[in-house]
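In what follows, a single structure is set out as C-alpha cells and then discussed.
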Amino acid sequence: MDTGVLRCCDLLVGYHGHGGVKPVAGKLNITLERGKLTCLTGANGSGKTTLMRTLDGWLQPLAGKVMLDNRPLEEVPKKELARRIGVVLTEHTAVEGLSVFDVVSTGRMPYCGFWGILGDKDKRIVARALEQVGMESFCRRKFCDLSDGERQKVMIAKVLAQQTDIMLLDEPLSFLDEESRMAMMTLLQEVAHKEGAAVLVSIHDLELAQGFADCIWEIRCHGKDAPGEIVPLKPSLCKKI
C-alpha cells in the first residue's frame, strides 16, 4: 500500500531577498509518509524552516512541485489544506487577550462553518488536545501570560485539535525542559503510529531524533552559494509504542 501523502518532485526551495533569488535546498525528491514520524535535522540556516513553509504552501517553490495525494499543492483549495495540514512554527503568535482554550479552539475553525461556533464535539476535542500536552489546568489562563515553553505546548495542542493527517512542526521542542521534550516526542510518535498521521518535526537534537524517528532527513549545505541537499539518515534502534 502506498503510504506517501506529501511528495517533493525535483523541489528547489528558497526565498526572494534583497540580492535576488536565494536557493536553499534542492533538487529534493522526498516523501512524507502516513504512520511515520520523520525528523528533519540540519545546521541553523540550512533551510529547515524554508522547507517547512514550502511544504505547507506558504512559500512557492523556486522549481519543482509539492504533491498532496498526487495533486499539486497550489491546486488544493485553502479550506481543504486547513483540514489536511497542521503547522507549528517558531514565530511567536500574536493572540493578545485570548485564553489558552481560545487559542487551541482556533484549530477547529476549518470545521466550524462561517460563524466559527464550536459545538460540543469541538469542545471535547479541544479539551482532549490540552490534556494530551499536559495543559488542561491552564485552559482559562491568558495565553500572553504563559512562559515560552507553555506557549509551545499550547500551539502543539492547537494542531492536535485541528486533527489533520499531516503535521509539520518547526522546532516544537524549543523552550521545553528535558522531561517535556521526551513526553512531546512520545506523543508525536503516538500520533503517527496510532492515528496514522504523517508527522514531520525539525529538531537539533540528533540523539533524541534517533530515539523516536522512523525516518531522519538531514539538510546538508554545500557552500554559501550552492543549495543544500537532503540526506536520509538511518535511525538507530527506534523506540516503538
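Sequence positions, counted from 1, serve as the residue numbers for this chain. These figures come from a predicted structure and were not determined experimentally.
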Okay, side chain of [X], backbone of [Y]: is any donor-acceptor separation there less than 3.5 Å?
X	Y	result
K48	G42	yes
Q152	E171	yes
T50	G14	no
R7	N70	no
R84	D165	no
Y111	Q162	yes

For this session: Apply the test side chain to side chain contact (heavy atoms under 4.5 Å, CB included) to residues T41 and I203: give CA-CA distance (whole Å), side-chain angles for both, the deciding distance (0.1 Å), then the verdict.
Result: CA-CA 5 Å; T41 71; I203 186 172; 3.9 Å; yes
Exercise. Rounded to the nearest 0.5 Å, how far apart are CD1 of I85 and CD1 of I166?
Worked result: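 The distance works out to 4.5 Å.
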Problem set entry | Atom pair OG1 (T106) and NZ (K158), whose distance is rounded to the nearest 0.5 Å |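 Going from OG1 on T106 over to NZ on K158, the span is 4.5 Å.
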For this session: Report yes if the side chains of V13 and L59 come closer than 4.5 Å at any heavy-atom pair, otherwise no.
Result: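 They are not in contact (no side-chain heavy atoms under 4.5 Å apart), so the answer is no.
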Exercise. Regarding R83 and Q163, is there a side-chain donor-to-acceptor distance under 3.5 Å anywhere?
Worked result: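 No, because no side-chain N or O of R83 sits under 3.5 Å from a partner of the opposite role on Q163.
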Exercise. Does the side chain to side chain contact (heavy atoms under 4.5 Å, CB included) test come out yes or no for D69 and V76, once each step is laid out?
Worked result: CA-CA 10 Å; D69 288 338; V76 180; over 6 Å; no
Exercise. Yes or no on salt bridge (charged side-chain N to carboxylate O under 4.0 Å, His left out) for D214 and K36, after CA distance, side-chain angles and deciding distance?
Worked result: CA-CA 6 Å; D214 300 290; K36 291 187 177 182; over 6 Å; no
Problem set entry | Same cluster (ILVMFWY, side-chain, under 4.5 Å), M167 and I125 |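 Per the 4.5 Å side-chain linkage, M167 and I125 are not co-clustered.
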Exercise. Sequence neighbours excluded, which residues qualify as side chain to side chain donor-acceptor pair (under 3.5 Å) partners of E136?
Worked result: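 With sequence neighbours excluded, E136 shows a side chain to side chain donor-acceptor pair (under 3.5 Å) to no residue whatsoever.
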Exercise. Yes or no on salt bridge (charged side-chain N to carboxylate O under 4.0 Å, His left out) for R128 and E131, after CA distance, side-chain angles and deciding distance?
Worked result: CA-CA 5 Å; R128 172 59 178 157; E131 182 182 348; 3.8 Å; yes
Exercise. Should D102 and F143 be marked as a side chain to side chain contact (heavy atoms under 4.5 Å, CB included) after you check the CA-CA gap, both sets of side-chain angles, and the distance that decides it?
Worked result: CA-CA 9 Å; D102 291 336; F143 182 81; over 6 Å; no
For this session: Please identify each residue that fulfils side-chain contact (heavy atoms from CB on, under 4.5 Å) with E150, with sequence neighbours left out.
Result: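 E150 satisfies side-chain contact (heavy atoms from CB on, under 4.5 Å) with M135, F138, R141, L146, S147 only.
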For this session: Show your reasoning for whether side chain to side chain contact (heavy atoms under 4.5 Å, CB included) applies to T38 and I30.
Result: CA-CA 11 Å; T38 301; I30 50 178; over 6 Å; no
Exercise. Of all heavy-atom pairs between I219 and S46, which one has the smallest distance, and what is that distance?
Worked result: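 Nearest pair, atom of I219 first, then S46: CG2-O, 3.3 Å.
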